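Here the structure is laid out as C-alpha cells; the discussion comes afterwards.
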Amino acid sequence: MSKDATTQAQDELWPDGQGPVRLMPEPEDDGLPLIVDLDGFEGPLDLLLQLARNQKVDITRISILALAEQYLVFIEDARKMKLELAADYLVMAAWLAYLKSRLLLPKEADDGDEPPPEELAARLQFRLQRLQAMRDAGAKLMSRNRLGRDVFARGWPEPVVVEKQVEWSDTLIDLLQVYADRRQRKAAHHNYEIKRMPVWTLKEARTALERMLGTMDEWGRFDSYLLEYMVEPEKRASVIASGFTASLELAREGVLEVRQEKAFDAIYMRRSRAG
C-alpha cells in the first residue's frame, strides 16, 4: 500500500465513529521456503525403516552406525528448517547417539547393569524387521481384490413367496349351534345368589303413623312425615310403599284424612276431625 493510500485510510473513520481505520500489519518475509511433506512418517521407527531401505541392502545386514548417522543428520536438517519435532523423535535421536558412542568406544568388561551395545543393536534391528513384516502384510492385504469393487458375490436366489388364503367351511347354522352350546355351558356353571333387600313392613309403617297422629293437626306432605325412615337409599322405596298403604288403611278407618289435588301431585294428610 502506498503512502498516500495509507494517509487517506487513516483520515477515514469507522462507521461507529470510534477512531480512524485500523490497518492490518503486513506479514514479514523471513526468506524461508514453505516445505510440505506429503509422505511423512508415523514415528521414529518408521523413519529408521525408510533410512534402512535407502542403504539398498538386506535389512538383516544393515549397519547400525550408518543408520544412526543418517537419522541424526535428518534430525539436524529438520531443526535447521525450524520444523517442530515430536518428543519421541528427539528421544530416539538421543538413544541412537548413545548407541553410536558405545559401538565406537572400546569394549569394556561387562558389569551386568546394562546389556552390551551389540545386543541393543540387534534389538533395534529386530524391531525394524518386525515393522517391515507388518508393512508387507498390510500391503498384501490392501492389494487383494475387494468384494464389491474387484469381485462380486453370487446373487441371492429368488425368495419364495407364500400366499395364505383363509377359507371358512362352517355355515351360519354351525356358528349359531356353537354359540348356543357355549352359552349353555357357561350358564350351567353360573350360580345366582339373590340378595335380600331391606323391607319396611306394613305393620312398622302403621305403628309409625299412629305415633305421629298427635302432630298432624294441619295438612302436611306425606313424604315429610317419613323423612327419618328414608335415610338408607336401598330402603327408601319400601318406606314409601308401606307408608302409603298404611295411610290408606288409616283413612279407611276414619283416623286419617288424605288429600291430593291432581294426578302425580303431592299427597297431603292430617288427623281426622270427624271424631
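Since we're looking at a predicted model, the values are computed, not measured.
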Original post:
Do V258 and F222 come close enough that some side-chain heavy atom pair is under 4.5 Å?
Top reply: no
Original post:
Going by heavy atoms in the side chains, are S242 and T201 under 4.5 Å from each other?
Top reply: no
Subject >> Note: R123-E118 ion pair, threshold 4.0 Å (strictly below) >> reply: no
Original post:
Salt bridge check: are E249 and K203 linked by an N-O gap of less than 4.0 Å?
Top reply: no
Subject >> Under the salt bridge (charged side-chain N to carboxylate O under 4.0 Å, His left out) test, residues paired with E76 that sit two or more places apart >> reply: none
Subject >> Minimal non-hydrogen separation, R144 against D150, with atom names >> reply: O-OD2, 4.1 Å
Donor-acceptor under 3.5 Å ([X] side chain, [Y] main chain):
{"X": "S224", "Y": "R221", "result": "yes"}
{"X": "T215", "Y": "M212", "result": "yes"}
{"X": "D174", "Y": "T171", "result": "yes"}
{"X": "R236", "Y": "Y229", "result": "no"}

Original post:
Checking side chain to side chain contact (heavy atoms under 4.5 Å, CB included) for the pair L256/S272: CA distance, chi angles, key distance, verdict?
Top reply: CA-CA 5 Å; L256 194 66; S272 177; 5.9 Å; no
Original post:
Tell me the side chain to side chain donor-acceptor pair (under 3.5 Å) pairs involving residues 254-268, sequence neighbours left out?
Top reply: E257-R270, R259-E261
Original post:
Does OH in Y179 sit with more than 12 non-hydrogen atoms of other residues, nucleotides or ligands closer than 6.0 Å?
Top reply: no
**OP:** Tell me whether L227 is reachable from W200 by hopping between hydrophobic residues (I, L, V, M, F, W, Y) whose side-chain heavy atoms are closer than 4.5 Å.
**Re:** yes
**OP:** Please lay out, stage by stage, how L209 and M269 fare under the test side chain to side chain contact (heavy atoms under 4.5 Å, CB included).
**Re:** CA-CA 11 Å; L209 290 176; M269 59 185 182; 3.9 Å; yes
